[in-house]
Number of protein chains: 2
Amino acid sequence: MSNKEKVPENTAVRLSLCLRYLREMKDDENISSEQLAQLTGIPSARIRKDLSYFGQFGTPGKGYTVGKLKEQISKALGLDRQWNIALVGVGKLGRALLNYLTFKKSSFHIRAGFDVEREKIGKKISGVKIYDPYQMPKIIREKKIHMGIVTVPQEAAQEAVDLLVISGVKAILNFSPVRVVVPRYVKLRNVDLASQIEVIPFYLAKDNFPDR
Amino acid sequence: MSNKEKVPENTAVRLSLCLRYLREMKDDENISSEQLAQLTGIPSARIRKDLSYFGQFGTPGKGYTVGKLKEQISKALGLDRQWNIALVGVGKLGRALLNYLTFKKSSFHIRAGFDVEREKIGKKISGVKIYDPYQMPKIIREKKIHMGIVTVPQEAAQEAVDLLVISGVKAILNFSPVRVVVPRYVKLRNVDLASQIEVIPFYLAKDNFPDR
DNA sequence: GAGTGTGAATGTATTCACAGCA
DNA sequence: TGCTGTGAATACATTCACACTC
């Protein structure tokens, strides 16, 4: 049975981190929430609670079986299937992500890139073919793409997002440093790298520092 | 006078976002917290409260003067001075950040890059000279570098961080997808891009989606 | 009248601490 | 005995709503 409380905002991020460490272990090993806490830096009680929203996977006195835990977390996060991705904006950051995601085998598969630069269009970069943005609706339909990653300059961000939305994508990860708007039925997540840097001096001065 | 409550965790991130929009406006314009809310997507009351931790910058019935507000936020975030940065790991992601930070004039100046790859050492990339990591303590001292950005592969992350720490750096932004440990007097911030992607299917399935 | 600044009310997340199971 | 799973306690963050100022 699974805990009926509301799942907190970053349970998923924490479990994703746990999963990364579990992947480096053997399936038949055992691990306690306390050991996982050591590895990840997340308090053990938090880990147990995060897991409890999805079921009871542990054995009192013993801990968790790595293989089973991996499987359960993957399922909880929706990583037990294949997700097709479009990358919009194939600049330096885009290529870094491309590179990252095409290397390791995972639930994610970048199926197409889009860029306005003529020289890139038609080429393959890290094995991914680059298209002209006007082809987006067609390509996204054909390739059954579920989510978009936006790494275009900020001036182009809203336009890129709009194109993804009319193409039928249901989730967008936006790396451009502006707020963009989407219809309510589209899931949008913003990652603002500029702020991450800009914010450091504040925490340096103050003694408010998070995220150890 | 300034509100004596404790400053919440992501006040700084929110103010950094506000600042980005303010920078595109004329200094003598006026803006209300409600207008700023429209631009940023942050509720107006939250903006007013965030500002209130640092002083009273507005005029009732009128709003804020853009120029003054920019100045005050910059000061609150510690952006009213120059920060020297070392980039450790000059791969694709590193170069994306390099490119980003060297382009726009800002409070941040990347003064040196470090990488183990022989071909890169001695070269300049986006105007920044690349050094062998063993030179780190010397270079960081000479160039008065305050903070380090780590974009090395995960196996090398702890080593890179340790080198930065013994070189005397007081703040580190870690982009590698593992937890690294630092002494308590060093400020560490982790940005985990892999999790950002991995977590999307969860929010897609559930109807828990943040960060509009 | 319009919009700030802020206590008080509400909502969310984390941590504690322990009963209960293997 | 050792560790899970989870209510209850605490800490933290956001939002409301309004007295007050220009």
Side-chain angles (χ1 to χ4, degrees), chain A residues 1-15 17-18 22 29-66 68-69 72-73 76 199 203 206-212, chain B residues 1-15 17-18 22 29-66 68-69 72-73 76 199 203 206-212:
Chain A
M1 204 202 326
S2 91
N3 179 348
K4 233 28 203 316
E5 286 173 47
K6 181 146 167 282
V7 181
E9 201 40 57
N10 21 8
T11 287
V13 176
R14 284 188 296 259
L15 291 181
L17 183 64
C18 291
L22 291 170
E29 283 183 83
N30 255 70
I31 190 167
S32 69
S33 62
E34 188 48 45
Q35 290 172 293
L36 206 39
Q38 297 296 316
L39 293 171
T40 58
I42 303 163
S44 63
R46 195 82 259 340
I47 294 177
R48 291 199 301 280
K49 193 148 263 201
D50 282 337
L51 290 172
S52 77
Y53 305 121
F54 305 101
Q56 304 187 151
F57 311 131
T59 313
K62 197 122 180 294
Y64 306 85
T65 310
V66 169
K68 196 179 156 202
L69 192 55
Q72 296 298 335
I73 295 179
V199 126
Y203 294 112
K206 302 281 165 182
D207 248 352
N208 308 351
F209 211 82
D211 217 15
R212 194 231 5 290
Chain B
M1 204 204 324
S2 91
N3 178 349
K4 235 22 199 329
E5 287 174 46
K6 183 147 165 281
V7 181
E9 201 39 57
N10 21 7
T11 287
V13 175
R14 285 189 295 259
L15 290 181
L17 182 64
C18 290
L22 291 169
E29 283 182 82
N30 255 70
I31 190 167
S32 69
S33 61
E34 188 46 47
Q35 291 173 293
L36 206 39
Q38 296 295 318
L39 293 172
T40 57
I42 303 163
S44 62
R46 193 78 267 341
I47 293 177
R48 292 199 300 281
K49 192 150 260 199
D50 283 336
L51 290 171
S52 77
Y53 306 120
F54 306 101
Q56 305 187 151
F57 311 132
T59 314
K62 195 121 181 294
Y64 305 86
T65 310
V66 169
K68 196 178 157 203
L69 192 55
Q72 296 297 336
I73 295 179
V199 126
Y203 293 113
K206 303 277 165 187
D207 247 350
N208 310 350
F209 211 80
D211 215 16
R212 192 232 18 284

Can you sort out the partners of Arg48(B) under salt bridge (charged side-chain N to carboxylate O under 4.0 Å, His left out), two or more places apart, ordered by chain and number? none
What is the distance from [atom1] of [X] to [atom2] of [N], rounded to the nearest Å?
{"X": "Phe57(A)", "N": "dA22(C)", "atom1": "CZ", "atom2": "P", "answer": "17 Å"}
{"X": "Lys49(A)", "N": "dT12(C)", "atom1": "NZ", "atom2": "C1'", "answer": "12 Å"}
{"X": "Glu34(A)", "N": "dT1(D)", "atom1": "CD", "atom2": "P", "answer": "19 Å"}
{"X": "Gln56(A)", "N": "dA19(C)", "atom1": "CD", "atom2": "C1'", "answer": "14 Å"}
{"X": "Asn30(B)", "N": "dA2(C)", "atom1": "CG", "atom2": "C1'", "answer": "12 Å"}
{"X": "Arg48(A)", "N": "dC3(D)", "atom1": "CZ", "atom2": "P", "answer": "10 Å"}
{"X": "Tyr53(A)", "N": "dT4(D)", "atom1": "OH", "atom2": "P", "answer": "16 Å"}
{"X": "Leu15(B)", "N": "dT14(D)", "atom1": "CG", "atom2": "P", "answer": "12 Å"}

Quick check: on DNA chain C, is the nucleotide nearest Gly63(B) upstream (toward 5') of the one nearest Asp50(A), or the reverse? Name the residue that is more 5'. Gly63(B)
May I ask you to test the Asn30(A)-Thr59(A) pair for a side-chain heavy-atom distance under 4.5 Å? no
Kindly write out the residues that satisfy side-chain hydrogen bond (donor to acceptor under 3.5 Å, both in side chains) with Thr65(A), not counting sequence neighbours, or none if the list is empty. none
Hey, what do you get for [atom1] ([X]) to [atom2] ([Y]), rounding to the nearest 0.5 Å?
{"X": "Ile31(B)", "Y": "Leu36(B)", "atom1": "CD1", "atom2": "CG", "answer": "4.5 Å"}
{"X": "Leu69(A)", "Y": "Cys18(A)", "atom1": "CG", "atom2": "SG", "answer": "8.0 Å"}
{"X": "Phe57(B)", "Y": "Ser52(B)", "atom1": "CZ", "atom2": "OG", "answer": "9.0 Å"}

Where the side chain of Pro60(A) is defined as all heavy atoms beyond and including C-beta, which of dG3(C), dT6(C), dC3(D) is the nearest nucleotide? dC3(D)
Which atoms of nucleotides 9-13 of chain D (N or O only) lie under 3.5 Å from a protein N or O atom, and what are those distances?
| residue | atom | partner | partner atom | Å |
| --- | --- | --- | --- | --- |
| dA13(D) | OP1 | Glu9(B) | N | 3.0 |

Check every strand shown and say whether Ser33(B) touches a base, only sugar-phosphate, or nothing at a heavy-atom separation below 4.0 Å. sugar-phosphate
Side-chain N,O (Gln35(A)) to OP1/OP2 (dC3(D)) below 4.0 Å: no
OP1 or OP2 of dG2(D) less than 4.0 angstrom from a side-chain nitrogen or oxygen of Tyr64(A), does that happen here? no
Closest approach of Val13(B) to Val199(A) (non-hydrogen atoms, all atoms of both residues): N-CG2, 3.5 Å
Assuming nearest nucleotide by heavy-atom distance, tell me which of Lys62(A) and Glu5(A) is located more 5' along DNA chain D. Lys62(A)
